Amino acid sequence: GELTKLGRNTAEELGHRLRQELYPDAEGLLRLHASFRHDFKVYSSQEGRCQITAAALTKGFLALEGDLTPILVSLVNRDLF
């Protein structure tokens, strides 16, 4: 199945809220996110909707702009189960 638009929006909002809870001074995290991205690891199953969910959560967490595809390719690692 495919992830719905509501599912994408929910995952992105969850990432945003997670960032706010873990890093109340989010400006510091966001200023460092260019270097932080190299150390940031997100793992997903091979299922497409799981990968898109991981990319959307990452987009919200790191306050990234744009489409999910580049985020998926560069930041989401797919585990072989």
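The structure presented is a predicted model; accordingly, all values stated were derived computationally and were not measured. We use all heavy atoms of the structure for the numbers below, so side chains are in, but hydrogens, waters and symmetry mates are not.
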**Report entry** All side chain to side chain contact (heavy atoms under 4.5 Å, CB included) counterparts of A54, not counting sequence neighbours
**Finding:** V42, S44, V76
Requested in this report: Can you sort out the partners of D67 under side chain to side chain donor-acceptor pair (under 3.5 Å), two or more places apart, ordered by chain and number?
Outcome: T69
Report summary line: Residues joined to L57 in its hydrophobic cluster, side chain to side chain under 4.5 Å directly or through other members, sorted by chain and number, are L14
Query raised in the report: Using links of under 4.5 Å between side-chain heavy atoms of ILVMFWY residues, direct or through other members, which residues join V73 in one cluster?
Result: none
Query raised in the report: When rounded to the nearest 0.5 angstrom, what distance separates CD in E47 from CG in L3?
Result: 10.5 Å
Query raised in the report: Mind checking what makes side chain to side chain contact (heavy atoms under 4.5 Å, CB included) contact with L18, not counting sequence neighbours?
Result: L22, F61
Query - Validation row: L72, R78 side chains within 4.5 angstrom (heavy atoms) - result: yes
Query raised in the report: Would a 4.5 Å heavy-atom cut-off, applied to side chains only, mark L62 and I71 as touching?
Result: no
**Report entry** side-chain hydrogen bond (donor to acceptor under 3.5 Å, both in side chains): pairs with one or both residues in residues 2-12, sequence neighbours excluded
**Finding:** none
Query raised in the report: Can you tell me if K59 uses its side chain to pair, donor with acceptor, with the backbone of A11 under 3.5 Å?
Result: no
